[in-house]
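Computed from a predicted model, the values in this text were never measured in an experiment. Note that these values count all heavy atoms, side chains included, but never hydrogens, waters or copies made by symmetry. Order of appearance sets the numbers: ligands from 1, and atoms from 1 within every ligand.
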Amino acid sequence: HPAVPGPGARQQELLRKMGTLQEDTREGAAANGSTKQLPQTIIIGVRKGGTRALLEMLSLHPDVAAAENEVHFFDWEEHYSQGLGWYLTQMPFSSPNQLTVEKTPAYFTSPKVPERIHSMNPAIRLLLILRDPSERVLSDYTQVLYNHLQKRKPYPPIEDLLVRDGRLNMDYKALNRSLYHAHMLNWLRFFPLGHIHIVDGDRLIRDPFPEIQKVERFLKLSPQINASNFYFNKTKGFYCLRDSGKDRCLHESKGRAHPQVDPKLLDKLHEYFHEPNKKFFELVGRTFDWH
Ligand SMILES: Nc1ncnc2c1ncn2[C@@H]1O[C@H](COP(=O)(O)OS(=O)(=O)O)[C@@H](OP(=O)(O)O)[C@H]1O
C-alpha cells in the first residue's frame, strides 16, 4: 500500500467533503478502465493570451489529458453551485498516470476564483499565459467584433471604445483585463508565486517549443514534446502542430488580423500600461518584453 494517498484517494476525499460524491463512483469509469480526475493543473488565462494554443501544445504530451471545452466552473454560479461532482463530469477520461488540465481564460480576471480553486486543492499548479497588454486589448476587441459580425450586429470601431472625451476610456472592460498586476494580487493572496507558472504568450507565438519545455518542467512531466512537433505554417502565419505524422493548425478564429490603430492612440495605450506593467514585474520578480 502506498504511504501517501494517490490522486484517486484525494479526489474521493474532496468529493466526500463537498458532499457531492456520487453513489456509484464507477459512473465516471470507461470500458477501458480509465476514469475522470479533477484537474491537477488549470490554465487560468488570460483571455486572448494564447490559452488554446497552450492547451493544444501541452496535449501533445502523452501524460496530459485535456478538457476540450472551456468549463467555466469557478466563475459561473450556475456551474459552481453544482459542486465538484459536476466539475468532475466535465473532465476527459484519463489513465492514473495522466495529468488532467482544463482551460478557462476568464478565471484570471474573476475575483472569486482564486479562493474557490484553493478550496478544491491548495497544492494545485496553475498556468497563466500573458501577452503584451496593449496587443491583448486589440485581440480582445477583435474577438468581440467578430462575435457581433457573426450575429450581424453592429460594433463600433475600436477608437470609439478606447477614447472618451479625448482620454482613454477606463470603463472599457478590455483595458481592465490587461491590468495584470491587479488580478495577480488576488491570486497571490491564495497561492505562492512558485505554484503559478507564467507562460510568455508573445514567445509562444514566435517560438513555441522552448516555452512548452518550461511548462513540462514546471509540471514535472518527462520531456516528451519535441521541436519536431511544431512547424511554421506560412499561410496561417503561426506555428502549427505535428503529432504522429498528422499536421494541424489552430482554428481560424485564432490568429486574426488586428485593427490598424492610430499610432498616437497606440502610444497612449502603451503609456497607460507602463506603470501597471512595472508593478506586475515587481510582483512576479521577472520582466517581459512588452511595450
Ligand atoms: N500557434 C498559434 N496559432 C494561432 N494562434 C496562436 C498560436 N499561438 C498563440 N496564438 C494566439 O492565441 C490567441 C488567442 O488566445 P486564446 O486562445 O487565449 O483566446 S480565448 O481567450 O480563448 O478566446 C490568438 O490571438 P489573435 O492573434 O488575436 O487571434 C493568437 O495570437
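Residues M91 and Y107 are members of one and the same hydrophobic cluster, defined by side-chain heavy-atom contacts under 4.5 angstrom among Ile, Leu, Val, Met, Phe, Trp and Tyr.
Within the listing of ligand 1, atoms 22 (O) sit less than 4.0 angstrom from a heavy atom of E70. Ligand-side atoms of ligand 1 in range of K103: 22 (O), range being under 4.0 angstrom from any heavy atom. Within ligand 1, counting atoms from 1 as listed, the ones closer than 4.0 Å to a heavy atom of Q143 are 23 (O). Per-residue contacts place G49 under 4.0 angstrom from the following atoms of ligand 1 (heavy atoms of the residue considered): 15 (O), 18 (O). Of all atoms in ligand 1, numbered sequentially from 1 with element shown, those under 4.0 Å from a heavy atom of S139 are 25 (O), 26 (P), 28 (O). Close contacts between ligand 1 and H258 involve ligand atoms 26 (P), 27 (O), 28 (O) [criterion: under 4.0 Å to a heavy atom]. The atoms of ligand 1 that sit less than 4.0 Å from any heavy atom of P105 are 21 (O), 22 (O).
The protein non-hydrogen atom at the shortest distance from atom 3 (N) of ligand 1 is F238 CB, 3.5 Å. With respect to atom 24 (C) of ligand 1, the closest heavy atom belonging to the protein is G255 N, 3.7 Å. For atom 10 (N) of ligand 1, the closest non-hydrogen atom on the protein side is I205 CG1, 4.0 Å. Nearest non-hydrogen protein atom to atom 14 (C) of ligand 1 is K254 CD, 3.9 Å. Protein heavy atom nearest atom 8 (N) of ligand 1, with residue, atom name and distance: A53 CB, 3.4 Å.
Contact between T142 and ligand 1 is absent, with no heavy atom of the residue lying under 4.0 Å from the ligand.
In the displayed structure, E271 atom CD is contacted under 6.0 Å by at most 12 heavy atoms of other residues, nucleotides or ligands. Counting non-hydrogen atoms of neighbouring residues, nucleotides and ligands closer than 6.0 angstrom, the OH atom of Y146 reaches no more than 12 such neighbours. Enclosure of atom CZ in R164 is not indicated, since only 12 or fewer non-hydrogen atoms of other residues, nucleotides or ligands lie within 6.0 angstrom. By the 6.0 Å contact criterion, CG on D247 is enclosed, its count of non-hydrogen atoms from other residues, nucleotides or ligands being greater than 12. In this structure, Q260 places its CD atom where only 12 or fewer heavy-atom neighbours from other residues, nucleotides or ligands lie under 6.0 Å away.
One option in K48, M57, R136 has a heavy atom closer to atom 23 (O) of ligand 1 than any other, and that option is K48. Distances from atom 27 (O) of ligand 1 to the heavy atoms of R203, E252, R131 put R131 nearest.
Between Y155 and L149 there is no side-chain heavy-atom pair separated by less than 4.5 Å.
Under the ring pair (Phe, Tyr, Trp, His ring centres under 6.0 Å) criterion, the residue pairs touching residues 241-278 are H270-H291, with sequence neighbours excluded.
For ligand 1, the polar-atom distance check finds no N/O of R47 at less than 3.5 Å from any of the ligand's N/O atoms. Polar contact check, G50 against ligand 1: a nitrogen or oxygen pair lies under 3.5 Å apart. Here's the thing with Y239: one of its N/O atoms is less than 3.5 angstrom from an N/O atom of ligand 1.
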Passes salt bridge (charged side-chain N to carboxylate O under 4.0 Å, His left out), K264 versus E159? Steps please. CA-CA 11 Å; K264 279 195 192 129; E159 290 79 8; over 6 Å; no
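The CD atom of E211 lies 10.5 Å from the CE atom of M57; values are rounded to the nearest 0.5 Å.
The aromatic ring centres of Y239 and Y231 sit 6.0 Å or more apart.
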